[in-house]
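Contents: one structure, followed by commentary.
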Amino acid sequence: MKHFPIFLNVATKRIVLAGGGEAALAKLRLLLKTEAQIEVFAEAPDPQIVTWALENRLTLTTRALTTGDVNGAALFYAASENDAEDARTAAIARAEGTLVNLVDNLADSQFITPAIVDRDPVTVAIGTEGAAPVLARAIKADLEERLPVSLGRLTRIGQAFRKASMKLPFGSARRDFWADFYFNAGPRALADGEDAARASLNTLLTKHLNAETREGHVIFVGAGPGDPELLTLKARAALDRADVVIHDGLVPGEILELARREATLVPVGKTGFGKSTPQDDINAAMIYHAAQGLEVVRLKSGDPAVFGRLDEEIDALTGAGIAFTIIPGLTAASAAVASLGQSLTQRGRNSSARLITAHDTKGYAEQDWRALARPGEVAAIYMGKRAARFVQGRLLMHGADPATPVGIVENASRADERVISTTLAALPDALNAANLNGPAVIMLGLAQRARAVEKRETA
Ligand code: SAH
């Protein structure tokens, strides 16, 4: 991020602009929304600027800007539509210690003006660092449509009530109250005028004060294999409401960023071989937060029910009398076969597919190797990187064909995904050569489909 977005208090501050044509008009329309004192310098100002000056909305000086004119201003805009003239006035402003913007000249500007959606006091600023003004305009149009025009009025009315709302305990109770007001009772009451909207706040507060305190609750949420777009809508909604998010190390930052901004993030990393959080601590964290009446999301990679020790966590909650729900997610094997361009099951080849792990609590995990060694069998091996030689040995011992295709998918669905096609005979060597860093699922019986037509869209 080259440009850091902030909201600058310009009330009673001066903003100076040099220029009197179209570019100046466009900027002035925005600046006149502020409480700043606007000063314009232009030899030949557009009649609209003259009108604004007559209405005392800005002060107009009908000559070119010179040394001493900018002194002490909060911001300066060079908007003459003449490069040499803009460079001249910007140099004066810079020398007089003011932040400058040259219209349509990103390189020499110290700040840029974002596209703005104005529902004062709710203001949305959209910037693309000059990279895609068309995109900024499209986002603005989208938001203009989505944010009701009454939002600003409602916010002002709500603002005056913030103190009173503190009678409700901090956290979900207070949040529920405000959500009820802004999206429900408020807009309805506002239809009958601002007094009605103000009155609705009192009624609503009484209703929420009398509401039973919310019980704590844990939602097990499947975060999917890593691509945020593979989250379910329910997972997104749960993240949106969460007070606390207790998450695995495999859940990427892009997904954690979707959690409500005020949510507390509790990392409980568990890597097969690195540092990990003991299961008891994870259980204790869930119980601790839920017992306070908070909305707890237990965010697990993939599907929470696949190699996620879900039962142990459910048992702990049940023991503590805490309710839970489960939102399933896309498991790594599903993402992996998609990347291979393959079907997990196929008529005539395999009518079953197994999800197996190469590790269990006692070390390497034993499986029905004889069944897995049969031609056409398909299995997704989770946590299998280190156990590959063991798996290979067992399968060959039980008569598996050394030429059995194997597909290794690392970081399935993520930007850094890698797919390696190999055979059972070459599996350990292929893994060594690949030097995998990320999570990988080994698809026994399936390598990447030969034709390139299955290539994943990256757009
Ligand atoms: N609940 C998860 C699995 C957790 S066990 C799920 O349903 O996917 C952790 C193992 O899952 C890793 O060792 C790896 O084998 C696999 N895994 C998780 N995310 C993966 C990804 N994006 N790509 C490949 N394998 C992944």
Side-chain angles (χ1 to χ4, degrees), residues 158 161-162 165-186 201 204-224 228 230-270 277 279-305 308-330:
F161 202 74
R162 280 192 52 188
S165 76
M166 309 232 171
K167 282 190 199 141
L168 286 163
F170 174 79
S172 49
R174 208 180 291 166
R175 218 168 47 243
D176 286 353
F177 166 77
W178 284 115
D180 209 355
F181 175 67
Y182 284 120
F183 301 108
N184 222 335
L201 278 164
L204 202 61
L205 182 63
T206 315
K207 178 183 140 195
H208 280 257
L209 280 171
N210 292 334
E212 274 184 40
T213 44
R214 260 194 350 186
E215 299 255 314
H217 184 93
V218 174
I219 312 181
F220 292 99
V221 176
L230 291 180
L231 281 170
T232 62
L233 295 176
K234 281 195 173 179
R236 287 224 44 173
L239 285 170
D240 233 22
R241 282 192 312 263
D243 294 311
V244 180
V245 178
I246 303 177
H247 65 91
D248 291 348
L250 276 183
V251 180
E254 292 136 279
I255 289 182
L256 296 176
E257 264 172 36
L258 298 172
R260 207 164 58 79
R261 197 165 63 107
E262 294 81 7
T264 311
L265 297 184
V266 183
V268 289
K270 245 201 195 164
T277 312
Q279 188 62 47
D280 284 347
D281 292 2
I282 299 176
N283 297 348
M286 286 190 301
I287 294 168
Y288 169 79
H289 291 291
Q292 296 175 51
L294 298 175
E295 187 86 4
V296 178
V297 163
R298 172 72 178 103
L299 190 61
K300 288 168 169 290
S301 79
D303 185 293
R309 302 182 73 169
L310 180 62
D311 286 307
E312 292 167 57
E313 298 186 6
I314 288 175
D315 286 347
L317 292 180
T318 314
I322 290 165
F324 69 91
T325 45
I326 303 173
I327 298 175
L330 206 66

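Bear in mind that the values here come from a model prediction, so they are computed numbers and not experimental data.
- With rounding to the nearest 0.5 angstrom, the CZ atom of R174 is 9.0 Å from the CZ atom of R162.
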Indicate every side-chain donor-acceptor pair of residues 230-238 with a distance under 3.5 Å to a residue at least two apart or in another chain.
residue: T232; atom: OG1; partner: A235; partner atom: N; Å: 3.0

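- Partners of D281 according to the side chain to side chain donor-acceptor pair (under 3.5 Å) rule, which considers only residues two or more places apart in sequence or in another chain, do not exist here.
- Residue-environment remark: OH (Y288) stays at or below the threshold of 12 foreign heavy atoms within 6.0 Å.
- Considering NE2 of H217 and CD of E295, their distance stands at 6.0 Å, rounded to 0.5 Å.
- The side-chain contact (heavy atoms from CB on, under 4.5 Å) search around A291 returns none, not counting sequence neighbours.
- For S165 against L205, the heavy-atom pair with the smallest separation is CA-CD1, 4.3 Å.
- L239 places a side-chain heavy atom less than 4.5 Å from the side chain of I255.
- Using a 4.5 Å heavy-atom cutoff, the side chains of L317 and I287 are in contact.
- Remark: E312 pairs with Q279, R309 by the side-chain contact (heavy atoms from CB on, under 4.5 Å) rule, at least two apart or across chains.
- Residues K300 and E313 are paired through a salt bridge, judged by an N-O separation under 4.0 Å between the basic side chain and the carboxylate.
- Y182 pairs by the side-chain contact (heavy atoms from CB on, under 4.5 Å) definition with L154, T155, W178, not counting sequence neighbours.
- Between L299 and D248 the shortest side-chain heavy-atom distance does not fall below 4.5 Å.
- For T206, the side-chain contact (heavy atoms from CB on, under 4.5 Å) partners at least two apart in sequence or on another chain are N210.
- T264 has its side chain out of reach of L294: every pair of non-hydrogen atoms, C-beta onward, lies at least 4.5 Å apart.
- Using a 4.5 Å cut-off on side-chain heavy atoms (C-beta onward), H289 and V266 make contact.
- One distance of note links CE of M166 with CZ of F161; it measures 11.5 Å at 0.5 Å rounding.
- Counting heavy atoms from C-beta on, the side chains of V218 and I246 never come closer than 4.5 Å.
- Using a 4.5 Å cut-off on side-chain heavy atoms (C-beta onward), M286 and F220 make contact.
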